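To start, the structure under review is shown below, and the notes come after it.
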Amino acid sequence: MDSHDTAGLGRHRRRPEQMQGGDFMTMDPFRLDGEVAVVTGGTAGIGFETARVLLSAGARVVVCGRNPERGRHAVEQLRAVGDVHFTPADVSDENSVSDLFADVRSRYGPVSVLVNNAGPTDLLHSRDVDGPLGAVRPTAFATLMERTVTSSYLPTREALTDMLGARAGSIVMISSMAAAQAMPGFDTYATGKGAIESMTRAIAGSYGHLDIRCNAIRVGRIAVDHGGGLRAAADPVEEDPDAWRGPSLPKAGTPEDIAHAVLYLSSAAGRYVNGVVLPVDGGVGSRSLVPWQTPRPEMLDEHATALLGD
């Protein structure tokens with residue numbers, strides 16, 4: 001099908017994971033040649049890096065955001081990597097999302113990869129919107145849920161129209177460790193991310209038999225520049241030789257760590273993965289409850305040396 005033939009929305013496309021085994025083995029399963037991807041909130045941070053990685057894999061990418069100036073700046077940088085376009089959109093607004101997907105279809109054709117990355121980051125940084133649930137105003141709660149849950153629901157609803165016609169597609173939700181572990185002061189945000197993970201499983205169950213996959217990435221602590229400078233970029237220098245035995249968080253990851261996970265879930269490499277919430281958090285969800293019992297590094301080295309000597 002011509003990539004610009006929007007009249008062919010109902011035709012079935014043959015994605016790499018649907019090819020015969022021999023054909024599949026001869027190609028790079030991480031390539032996205034011929035795919036059309038939409039990355040919401042794609043002008044900075046995790047979204048920007050995700051767009052860059054998907055472009056590097058051969059996809060044509062549309063990034064969207066609410067700030068046209070930031071969008072133009074992002075596209076200027078991304079054009080050196082691949083075929084990319086910016087469309088201004090508020091993904092918590094139904095009409096705006098409808099216009100976004102109409103623009104994508106007229107420019108590139110049906111959407112085959114959707115990354116729901118947009119979220120309420122700007123509101124959370126203000127620190128006066130979210131908080132302990134009893135202190136959150138109803139209007140603030142509604143706004144945060146729109147920017148956390150509705151902002152994934154509306155693009156997914158639109159993308160499913162294209163994916164149903166193709167009988168193929170991949171949707172990746174960007175969740176947070178807040179969905180699984182308490183983050184005091186971010187009660188509404190945590191509630192929304194929990195809903196995102198539940199939505200992921202629901203979509204996977206409803207559409208998986210049609211080769212439409214939906215997975216989520218549970219993001220840990222990431223050093224991200226949202227346009228106001230790098231946040232959580234530097235880990236403190238540990239002068240105490242036993243500091244590693246304390247209950248500290250793993251070192252901050254980078255947006256690229258998340259983008260590579262998105263590529264895996266979006267591509268044929270992840271063709272047998274559906275309904276999964278993948279933690280990409282440096283192991284924060286596996287921290288020891290008794291960190292003082294963690295073996296010293298030299299003890300592990302000595303043990304390995306002894307094994308090699310046996």
Side-chain angles (χ1 to χ4, degrees), residues 1-9 13 15 31-119 121 147 150-166 168-174 212-214 217 226-227 255 258-259 262-263 265-267:
M1 183 180 80
D2 188 325
S3 61
H4 297 276
D5 178 14
T6 54
L9 287 177
R13 295 185 306 108
R15 288 171 61 97
R31 293 296 301 174
L32 291 173
D33 301 289
E35 304 298 337
V36 176
V38 171
V39 181
T40 70
T43 62
I46 291 171
F48 177 87
E49 190 61 28
T50 294
R52 188 191 68 78
V53 168
L54 297 184
L55 286 166
S56 298
R60 288 165 293 174
V61 177
V62 172
V63 296
C64 73
R66 292 177 293 113
N67 187 320
E69 182 179 351
R70 184 176 293 179
R72 286 191 292 269
H73 178 66
V75 165
E76 287 174 2
Q77 299 176 70
L78 292 170
R79 280 202 181 110
V81 185
D83 190 350
V84 62
H85 177 72
F86 169 76
T87 300
D90 176 356
V91 289
S92 64
D93 179 81
E94 183 178 0
N95 291 331
S96 184
V97 171
S98 179
D99 291 343
L100 164 66
F101 277 79
D103 185 54
V104 176
R105 291 169 185 138
S106 66
R107 186 174 300 274
Y108 294 131
V111 173
S112 54
V113 174
L114 171 64
V115 183
N116 283 313
N117 171 71
T121 305
R147 295 278 293 277
T150 305
S151 62
S152 290
Y153 154 67
L154 289 174
T156 297
R157 181 170 172 264
E158 280 283 346
L160 283 170
T161 300
D162 294 356
M163 295 175 182
L164 282 168
S170 175
I171 300 166
V172 180
M173 307 282 196
I174 301 301
I212 299 170
R213 298 181 295 111
C214 185
I217 296 174
H226 289 289
I258 308 303
V262 171
L263 175 59
L265 294 173
S266 301
S267 67

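Every value quoted in this text rests on a predicted model; they were computed, and no experiment measured them.
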Inter-residue atom distance [X].[atom1] - [Y].[atom2], 0.5 Å rounding:
{"X": "L265", "Y": "R213", "atom1": "CG", "atom2": "CZ", "result": "7.0 Å"}
{"X": "T43", "Y": "F86", "atom1": "OG1", "atom2": "CZ", "result": "6.5 Å"}
{"X": "D93", "Y": "S151", "atom1": "CG", "atom2": "OG", "result": "12.0 Å"}
{"X": "T87", "Y": "D99", "atom1": "OG1", "atom2": "CG", "result": "10.0 Å"}
{"X": "R31", "Y": "E35", "atom1": "CZ", "atom2": "CD", "result": "11.0 Å"}
{"X": "M173", "Y": "C214", "atom1": "CE", "atom2": "SG", "result": "4.0 Å"}

Taking the side chain as C-beta and beyond, is there a heavy-atom pair between [X] and [Y] under 4.5 Å?
{"X": "V113", "Y": "V36", "value": "no"}
{"X": "V262", "Y": "I46", "value": "no"}
{"X": "V172", "Y": "S266", "value": "yes"}
{"X": "F48", "Y": "V63", "value": "no"}
{"X": "L154", "Y": "V91", "value": "no"}
{"X": "S98", "Y": "E158", "value": "yes"}
{"X": "R107", "Y": "R60", "value": "no"}

Exercise. Establish, from distance only, whether the side-chain atoms of N116 and T156 form a donor-acceptor pair under 3.5 Å.
Key: yes
Quiz item: Would D83 and Y108 count as having a side-chain donor-acceptor pair, cut-off 3.5 Å?
Solution: yes
Quiz item: What's the verdict on side chain to side chain contact (heavy atoms under 4.5 Å, CB included) for I171 and L160, showing C-alpha distance, side-chain angles and the deciding distance?
Solution: CA-CA 9 Å; I171 300 166; L160 283 170; 4.0 Å; yes
Looking at [X] and [Y], what are the two nearest heavy atoms and their distance?
{"X": "P88", "Y": "P68", "result": "CB-CG, 4.4 Å"}
{"X": "L263", "Y": "A57", "result": "CD1-CB, 3.7 Å"}
{"X": "A159", "Y": "L114", "result": "CB-CD2, 3.8 Å"}

With no hydrogens and no angle check, is any side-chain donor or acceptor of [X] less than 3.5 Å from a backbone partner on [Y]?
{"X": "S96", "Y": "D90", "result": "yes"}
{"X": "N117", "Y": "I174", "result": "no"}
{"X": "D162", "Y": "P110", "result": "no"}
{"X": "T150", "Y": "R147", "result": "no"}

Distance-only donor-acceptor pairs under 3.5 Å for side chains of residues 72-79, two or more places apart:
{"unit_1": "H73", "atom_1": "NE2", "unit_2": "Q77", "atom_2": "NE2", "d": "3.0"}
{"unit_1": "Q77", "atom_1": "NE2", "unit_2": "H73", "atom_2": "O", "d": "3.4"}

Self-check item: Audit row: M163, S112, side chain to side chain contact (heavy atoms under 4.5 Å, CB included) steps and yes/no
Solution: CA-CA 6 Å; M163 295 175 182; S112 54; 5.7 Å; no
